[in-house]
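In what follows, every chain begins at residue 1, and chains take the letters A, B, ... in the order their sequences are listed.
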Protein chains: 2
Amino acid sequence: MVEDQTVEIAEIFHLLGDPTRLGIVTCCLDKPRNVGEIAATVGVSASLVSHHLRLLKAARLVRAERRGKQVYYATADEHVDRILKDMIEHVAEPHREDA
Amino acid sequence: MVEDQTVEIAEIFHLLGDPTRLGIVTCCLDKPRNVGEIAATVGVSASLVSHHLRLLKAARLVRAERRGKQVYYATADEHVDRILKDMIEHVAEPHREDA
DNA sequence: CAAATAAATGAATATATGTTCAATTGTATG
DNA sequence: CATACAATTGAACATATATTCATTTATTTG
């Protein structure tokens, strides 16, 4: 694999590698959520959510859309959805325990 | 999604989120590689590779097998392979540029 | 058993980064 | 236009962590 590709992929993984940030993204998996909703669901301040959303948006992992006073965030595309759903599946399956 | 699941998934993403570490794992994608090979391929010291491999192994992302003086590492299972290959595909596809 | 090679370990360090808090910007509405 | 609500921004801080270097452990072979 190419060096640049590795760095690019690592950046994506890195963003998804923080529990708070991952919670934020998965919160937006089903349907668009506004910052307040996300903050309440994940259980952190709106400020923190906003900080994280900025990074996620810059990396094209989420999309933003303003509706009146609120800004709604959704996962950017089906790629992101699949990556997350695959990983959720992966973890859901039983682990192989060695003796 | 459940809190514990989120943390567990974030841990996996986090491990794959470092360029050096991701390089190490992808290096082991095709076939088992020993530490020296990995170090040479990725372009870092064997010590550093070893440090990272310990984390990757603890998280069941890679498997170790000693053959004489060398220790060969491979991706732990098809899940890991698929996650990596999916992500590589994802990045390979052209980005959608907004106006 | 001694020497050589491969890998792992531990301590130390420099850096990155998640979080908080206060202040600011944007939007609707009385 | 002023108030209220939602979201963003910036600075400051505490913590986590990637890397280096020196040392040690494991394994083969002369």
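Tyr73(A) comes within contact range of the sugar-phosphate backbone alone, with a heavy-atom separation under 4.0 Å but no base atom that close.
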Secondary structure of DNA chain D per the Watson-Crick/G-U criterion (both distances under 3.5 Å; [ ] crossing, | other strand, . unpaired) is ||||||||||||||||||||||||||||||

Protein N or O to nucleotides 1-4 of chain D N or O, pairs below 3.5 Å:
none

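Residues passing the side-chain contact (heavy atoms from CB on, under 4.5 Å) test with Arg82(A) are Asp86(A), Asp86(B), Glu89(B), sequence neighbours excluded. Checked against side chain to side chain donor-acceptor pair (under 3.5 Å), Asp81(B) has the following partners two or more places apart in sequence or in another chain: Thr75(B). In this structure Ala10(B) satisfies the side-chain contact (heavy atoms from CB on, under 4.5 Å) test together with Pro19(A), Leu22(A), sequence neighbours excluded. For His14(A), the side-chain contact (heavy atoms from CB on, under 4.5 Å) criterion is met by Arg21(A), not counting sequence neighbours. Contacts of Gln5(A) classified as side-chain contact (heavy atoms from CB on, under 4.5 Å), with partners at least two apart in sequence or in another chain: Met1(A), Val2(A), Ile88(B), Val91(B), Ala92(B).
Contact footprint of chain A on DNA chain C: nucleotides with an atom under 4.0 Å from a non-hydrogen protein atom, first to last in 5' to 3' order, dT17(C) to dA28(C).
Under the salt bridge (charged side-chain N to carboxylate O under 4.0 Å, His left out) criterion, the residue pairs touching residues 67-78 of chain A are Glu65(A)-Arg67(A), with sequence neighbours excluded. Counting only residues at least two apart or on different chains, the ring-ring contact (aromatic ring centres under 6.0 Å, His included) pairs with a member in residues 46-79 of chain B are His90(A)-His79(B).
A heavy atom lying under 4.0 Å from DNA chain C marks none of the residues of residues 18-26 of chain B. For residues 34-49 of chain A, proximity to DNA chain C is found at Ser47(A), Leu48(A), defined as any non-hydrogen atom under 4.0 angstrom from a strand atom.
Phosphate contact (OP1/OP2 of dT19(D), side-chain N/O of His52(B), threshold under 4.0 Å): present. Residue Arg66(A) places none of its side-chain N or O atoms closer than 4.0 Å to OP1 or OP2 of dA7(D).
Residues Asn34(B) and Val71(B) are not in side-chain contact: their nearest non-hydrogen atoms beyond the backbone lie 4.5 Å or more apart.
Taking the 5.5 Å centre cut-off and the 30° plane limit, the aromatic side chain of His51(A) is not classed as stacked on dT8(D).
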